[in-house]
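Step one of this worksheet: look at the structure below.
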Protein chains: 2
Amino acid sequence: MQNNQNIKIAVDAVVFGYQDNALYILLIQQKYGPYKDQWVLPGGLVQNGETLTTAVHRELQEEAGIKVNYLEQLYTFGDDINRDQRNQVISVSYFALVNPENFKLSAATDAQDVKWQNISNTPTLPFDHNLIIDTAFKRLKAKLHYQPIGFDLLPKKFPFSDLEHLYTTILEQEIDRRNFRKKILSFDFIKKSNEKQKTGSGRPAQLFTFDTNKYKALEKNGIHFEIKFA
Amino acid sequence: MQNNQNIKIAVDAVVFGYQDNALYILLIQQKYGPYKDQWVLPGGLVQNGETLTTAVHRELQEEAGIKVNYLEQLYTFGDDINRDQRNQVISVSYFALVNPENFKLSAATDAQDVKWQNISNTPTLPFDHNLIIDTAFKRLKAKLHYQPIGFDLLPKKFPFSDLEHLYTTILEQEIDRRNFRKKILSFDFIKKSNEKQKTGSGRPAQLFTFDTNKYKALEKNGIHFEIKFA
DNA sequence: GTATTTTTGCGTATATACTACACATATTAT
DNA sequence: ATAATATGTGTAGTATATACGCAAAAATAC
């Protein structure tokens, strides 16, 4: 096996969080090196003997002190030789979601600072991180249509309107509330809790929960989630 | 940037070919090293200064002398530390299709031998190549439903029945010929050529062509391809 | 405490898309 | 000539998606 290969492998993560009807991504501020003080996606080099998945979890822990609710591989970026000025680096990037319970950021140990950045005014970032974010955002939008992934961005108990707003906010599309509710309820994987939401004006809303196990069972029997809009 | 990382990066490709109503994948026979003489997916280490895409094309050229018709990134395998006995290696794997015009294999220079392996009786392969093939095969099946990718496995001019057979063969499902034809024709991106196929018994078939440009135009206007079966 | 505003909760009619299904036609083989 | 083989086509029934408006429950304003 040839031994002179000098290409590094890094992992990077695009972590989405949803709060107060807005979508955020997690950014960290570099502590060292030529990119010091710049805001970038959490991530870093994979260690010897470490799996890719382990590396992502470790970096998220070290840099942002965060646990994600959902994680999947997004894409591997390696067609721009000079994406990192220090060395040829290939980035295996990941797509992650946090639920609001874990939205609070602990102090980061390996990063200078951490923040939630509203995605709609993301600044220009170093490396190809804007490209990675775009790719992840497209994936998120697509997945909302064919996988019940919105629930991973909401608290365990949520009013129906929150789910509606999540869809309209992220997809930037209007929605027919009646048809949407009918469709979601017809899948039969969300349950009415007997609590009601009290806050704010207007009629108090029923709270619902997403039944993961029931969804998996239904999925095994061949149903597939799909949401379209008018 | 830490300098002791000792992980190699390879690319591997699952190349599908379709001929005589059967689906094949491309395998090559290792020429050197501890895996000598074993059949594996085409691929190899990425060279310094080389992009991932370039690396795949190069390996396919060197090992199988083949040009693919369609190529996309599949998945990056790096969660099994010991997938290669020689060193920790991460495989960025690709999904590719060849059309029948390029189905003939030239003599390979970097491989001992090359062959088309019928996918339905793929033997056990070294590394995690069976896993990679499974992943690619799932991707192919999924894509047949939502992307007009079947045409990349057929010659430029083809009778409708070939397209039907491709679907039934790969998806292992029955199909209603009338509804299928109606659906495909309704998309309006395949054209009747004025040639007919002569071979064999039975009524001669019209030959059709897939109009890539028209498909792209339609796609831009928001139509999306989708094929379901009864 | 009454009126106004805000938000939730719900049903039906219409249009569109999917499914099921059978027989005539053009050619080769006998 | 007759049989065998593969292609080519239409319609009715069912299911799914879309369009659309008003009453109920609470908070807020007066």
Side-chain angles (χ1 to χ4, degrees), chain A residues 20-21 144-146 148 154-155 157-169 171 173-209 218 221-230, chain B residues 20-21 144-146 148 154-155 157-169 171 173-209 218 221-230:
Chain A
D20 300 324
N21 293 335
L144 280 176
H145 290 282
Y146 64 82
L154 292 176
K157 297 183 180 183
F158 58 89
F160 224 97
S161 53
D162 275 15
L163 188 63
E164 287 169 28
H165 290 137
L166 187 145
Y167 271 81
T168 53
T169 304
L171 297 176
Q173 272 182 54
E174 284 308 305
I175 196 177
D176 182 299
R177 285 170 49 232
R178 284 162 293 190
N179 292 339
F180 180 76
R181 186 183 182 112
K182 231 184 305 177
K183 191 69 194 282
I184 297 280
L185 288 174
S186 77
F187 290 121
D188 202 36
F189 51 55
I190 80 171
K191 286 187 300 204
K192 252 181 199 162
S193 93
N194 40 18
E195 290 173 64
K196 296 205 175 191
Q197 199 186 40
K198 305 159 192 273
T199 76
S201 80
R203 178 172 173 172
Q206 280 279 355
L207 294 181
F208 293 85
T209 59
L218 291 168
N221 293 356
I223 70 137
H224 79 288
F225 181 77
E226 192 170 2
I227 296 289
K228 294 175 188 168
F229 295 110
Chain B
D20 299 325
N21 292 336
L144 279 176
H145 290 283
Y146 65 79
L154 292 177
K157 297 184 181 183
F158 57 90
F160 224 97
S161 54
D162 275 14
L163 188 63
E164 288 169 27
H165 289 137
L166 186 145
Y167 270 81
T168 54
T169 304
L171 297 176
Q173 273 181 54
E174 284 309 303
I175 197 175
D176 182 299
R177 285 171 48 232
R178 284 164 291 191
N179 293 339
F180 180 75
R181 187 183 179 111
K182 229 183 307 175
K183 190 70 195 279
I184 297 280
L185 287 174
S186 77
F187 289 122
D188 202 35
F189 50 56
I190 80 170
K191 286 187 300 204
K192 251 181 200 161
S193 95
N194 38 19
E195 291 173 62
K196 298 205 176 192
Q197 200 185 42
K198 307 157 190 271
T199 75
S201 80
R203 176 173 176 173
Q206 278 281 353
L207 293 180
F208 292 85
T209 58
L218 290 169
N221 293 355
I223 72 134
H224 78 288
F225 181 77
E226 193 171 0
I227 296 289
K228 293 174 188 169
F229 296 110

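Residue numbering restarts at 1 for every chain, and letters A, B, ... go by the order of the sequence lines.
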task = Mind checking Lys182(B) for me? I need base, sugar-phosphate or nothing, with any heavy atom below 4.0 Å counting as a touch.
result = base

inquiry  = Centroid separation under 6.0 Å, is that true for the rings of Phe225(A) and Tyr146(A)?
reply    = no

inquiry  = Just checking Phe160(B) against Phe208(B), ring centres under 6.0 Å apart?
reply    = yes

ask   = What is the minimum heavy-atom distance between Ile227(B) and Lys183(B), and which atoms define it?
value = CD1-CG, 4.0 Å

key: OP1 or OP2 of dA6(D) under 4.0 Å from side-chain N/O of Ser161(B)   = no

task = For the residue pair Leu144(A) and Leu166(A), establish whether any side-chain heavy-atom pair is separated by less than 4.5 Å.
result = yes

request  = State, to 0.1 Å, how close Phe189(A) and Pro148(A) come at their nearest heavy-atom pair, and which atoms those are.
outcome  = CZ-CB, 4.2 Å

request  = List the protein contact pattern of nucleotides 21-30 of chain D with one symbol per nucleotide (5' to 3'): B for base contact, S for sugar-phosphate-only contact, - for none; contact means a heavy-atom distance under 4.0 Å.
outcome  = B--BBBS---

query = Asp162(B) has an atom CG; how far is it from atom C1' of dT7(D), in whole Å?
reply = 12 Å

inquiry  = Rounded to whole Å, please give me the gap between CZ in Phe208(A) and C1' in dC10(C).
reply    = 12 Å

ask   = What's the CG-P distance between Asp176(A) and dT8(C), to the nearest Å?
value = 14 Å

query = Checking Lys157(A) side chain against Gln197(A) main chain: does a donor-acceptor pair fall under 3.5 Å?
reply = no

note = When rounded to whole Å, the CG to P distance for the pair Leu207(B) and dA6(D) reads 17 Å

inquiry  = Tell me the interatomic distance from Arg181(B), atom CZ, to dT11(D), atom P, rounded to whole angstroms.
reply    = 16 Å

task = Write down the distance between CD (Gln206(A)) and C1' (dT7(C)), rounded to a whole number of angstrom.
result = 14 Å

Whole-Å gap separating P (dA22(C)) and CG (Asn179(B)) = 13 Å

Interatomic distance where CZ belongs to Phe160(B) and P belongs to dT9(D) [whole Å] = 10 Å

